[in-house]
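The model shown is predicted, which means the values in this text are computed figures rather than measured ones.
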Amino acid sequence: MNGLILGLYGIYILVIGMTGKTEAVTAELNQDMPGFIPWALAIVGLIILAQSDTTEKMVKPFIFLLILNFVLMNFGNLQGEFRKLRTMAERGMTQ
């Protein structure tokens, strides 16, 4: 799932870059990369550790903690997105 999201994001960046709007691409990267790099490094590190049979059982709780940390750190953003979805659904039901 993460690979799909990263792939779609990469295609989005390529399309914007091909249209000649490099300012939009650089602004997007400057906004997202500082927050993304620690998550990417943590995911890559856990994937590497999970490949070994001896550390596989130890890594599973850390994967859970990584996901829990992501949800808790972005809880306000998630609530806002769910509110948007709910209002869009309510508008669709009343029309």
Side-chain angles (χ1 to χ4, degrees):
M1 186 67 168
N2 290 335
L4 176 66
I5 293 170
L6 290 175
L8 290 174
Y9 193 66
I11 291 171
Y12 169 74
I13 289 174
L14 287 175
V15 168
I16 289 178
M18 289 171 46
T19 59
K21 298 180 181 178
T22 56
E23 297 86 21
V25 174
T26 56
E28 186 77 21
L29 289 175
N30 288 336
Q31 180 183 357
D32 287 344
M33 288 308 280
F36 177 71
I37 290 174
W39 290 105
L41 291 175
I43 291 169
V44 168
L46 288 175
I47 289 172
I48 290 170
L49 287 174
Q51 298 301 316
S52 172
D53 291 335
T54 57
T55 59
E56 183 180 5
K57 290 182 180 180
M58 184 180 70
V59 170
K60 288 181 181 180
F62 287 106
I63 293 172
F64 171 76
L65 290 174
L66 181 68
I67 294 169
L68 180 66
N69 187 21
F70 177 77
V71 169
L72 292 176
M73 287 182 67
N74 296 307
F75 191 68
N77 294 338
L78 292 172
Q79 280 183 326
E81 293 299 320
F82 283 127
R83 280 191 203 111
K84 287 180 192 175
L85 289 174
R86 186 176 54 200
T87 56
M88 288 172 53
E90 289 172 354
R91 288 182 190 158
M93 290 179 169
T94 58
Q95 293 179 353

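With rounding to the nearest 0.5 Å, the separation of CG in Leu46 from CG in Leu41 is 11.0 Å. With rounding to the nearest 0.5 angstrom, the CD1 atom of Ile63 is 11.0 Å from the CE atom of Met58. The CZ atom of Arg83 sits 10.5 Å away from atom CD of Glu81, with the distance rounded to the nearest 0.5 Å.
Under the 4.5 Å side-chain heavy-atom criterion for ILVMFWY residues, no single connected hydrophobic cluster contains both Ile67 and Ile48. The cluster map of Ile, Leu, Val, Met, Phe, Trp and Tyr, joined by side-chain heavy atoms under 4.5 Å apart, puts Met73 and Leu65 in the same cluster. Phe64 and Val44 sit in two unconnected hydrophobic clusters of ILVMFWY residues. Membership requires side-chain heavy atoms under 4.5 Å apart, directly or through other members.
Take Gln51 and apply the side-chain contact (heavy atoms from CB on, under 4.5 Å) test, not counting sequence neighbours, and it matches Ile47.
Contact detail for Ala42 and Leu66: the closest heavy-atom pair is CB-CD1, 3.9 Å.
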